[in-house]
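Below is one structure, written out as structure tokens; the observations come after it.
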Amino acid sequence: TRALGGLIRTIERDFGYDFFDIAGHSYGGRSGAEAAAANPDRVQNLYLYGSVGLTEHDFVEMLVKSAFVAVNELPHATAHLVGEHGPSIVVDAMRHIFRNLPRTVAEGVAAATSDIRENLQHLDSIGTRIGGVQFPADGFFDPELVKKTSDGLFTKLHVYGDPEAKHVALQTQPKHVAAAHVALM
């Protein structure tokens, strides 16, 4: 959150931009919501893609879902990304995860215990527009449950058109997700 806030201030200072949109995926949804709340005069729109914190979930539930995602989503995503970018992407990902394993675990715990709905209510009350995209086959966050538990928090909530789209659709279908983003805007 601090890094994102610092980036906003740096871009504002160096390039003169007054207003920003933030897009966050998964744990980035929490970071984006916190940065938007910390910079209310600068952030106009917050877009959440398969974000944490929109449903009731706890650490044990998310740990179980993580195993499901690791088995059912990551192999396909990894094969796709290796095909697009070469095998070095796997090495880079492993390096990122294991470079600071305690930080990676702490982020996982924070994501698993996040609830950003109150923060979104506050953002909505001050005029920040909130858009959401949920992926139909997301192993972490069921779109129907998100709709039910986050009713009224979004200016627009969109369920992504591909019924096979999983939590990692941003990585495996970036052009189509970008088109969904444009539709939200």
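All values derive from a computational prediction rather than experimental measurement.
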Item checked: Tyr160 and His176 aromatic centres sub-6.0 Å ->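 No.
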Checklist line | Ring centroid separation Tyr47 to His181 under 6.0 Å | finding: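 Distance test on ring centres: under 6.0 Å, yes.
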Next item on the list: Measure up the His25 and Phe135 rings against each other and bin them: parallel (under 30°), tilted (30 to 60°), perpendicular (over 60°).
Entry: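 Ring orientation of His25 relative to Phe135: perpendicular.
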Counting only pairs under 3.5 Å, give me each side-chain donor-acceptor contact of residues 75-86, with atom names and distances, residues two or more places apart or in other chains.
from, atom 1, to, atom 2, distance (Å)
Thr78, OG1, Leu74, O, 2.8
His80, NE2, Thr172, O, 3.1

Notebook entry, point to check: Is the side chain of Glu73 donor-acceptor paired with the backbone N or O of Gly139 at a distance under 3.5 Å, no angle test?
Noted result: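 Yes, the answer is positive, given that a donor and an acceptor are paired below the 3.5 Å cut-off.
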Do [X] and [Y] have side-chain heavy atoms sitting under 4.5 Å apart?
X: Asp162; Y: Pro136; value: no
X: Glu12; Y: Phe20; value: yes
X: Lys65; Y: His57; value: no
X: Leu120; Y: Leu54; value: yes

Note to self: Could you work out, with salt bridge (charged side-chain N to carboxylate O under 4.0 Å, His left out) as the rule, every residue matching Asp124, not counting sequence neighbours?
What the structure shows: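 Listed in chain order: nothing, the list is empty.
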Checklist line | Polar side chain donor-acceptor pair, Arg103 to Asn100, under 3.5 angstrom | finding: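 Looking only at side-chain atoms, Asn100 and Arg103 do not form any donor-acceptor pair under 3.5 Å.
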Notebook entry, point to check: Does a donor on one side chain sit under 3.5 Å from an acceptor on the other, for Glu34 and Asn119?
Noted result: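 Absent: no donor and acceptor within the cut-off.
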Notebook entry, point to check: Hey, is Arg117 close enough to Glu56 for a salt bridge, meaning N to O under 4.0 Å?
Noted result: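 A salt bridge links Arg117 with Glu56.
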Notebook entry, point to check: With a 4.0 Å cut-off, would you call Glu144 and Lys147 a salt bridge?
Noted result: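 Salt bridge flag = yes for Lys147 with Glu144.
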Notebook entry, point to check: Quick one: which of Asp21, Ile22, Leu4 gives a side chain to side chain contact (heavy atoms under 4.5 Å, CB included) with Val43?
Noted result: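 Running side chain to side chain contact (heavy atoms under 4.5 Å, CB included) over Asp21, Ile22, Leu4 with Val43 returns exactly one hit, Ile22.
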Check: Does Arg95 have any side chain to side chain contact (heavy atoms under 4.5 Å, CB included) partners at least two apart in sequence or in another chain, and if so, which?
Finding: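 Once residues adjacent in sequence are excluded, the partners of Arg95 under the side chain to side chain contact (heavy atoms under 4.5 Å, CB included) criterion are Val91, Asp92, Arg99.
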Notebook entry, point to check: Any chance CD of Glu118 has more than 12 other-residue heavy atoms, nucleotides or ligands included, within less than 6.0 Å?
Noted result: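 No.
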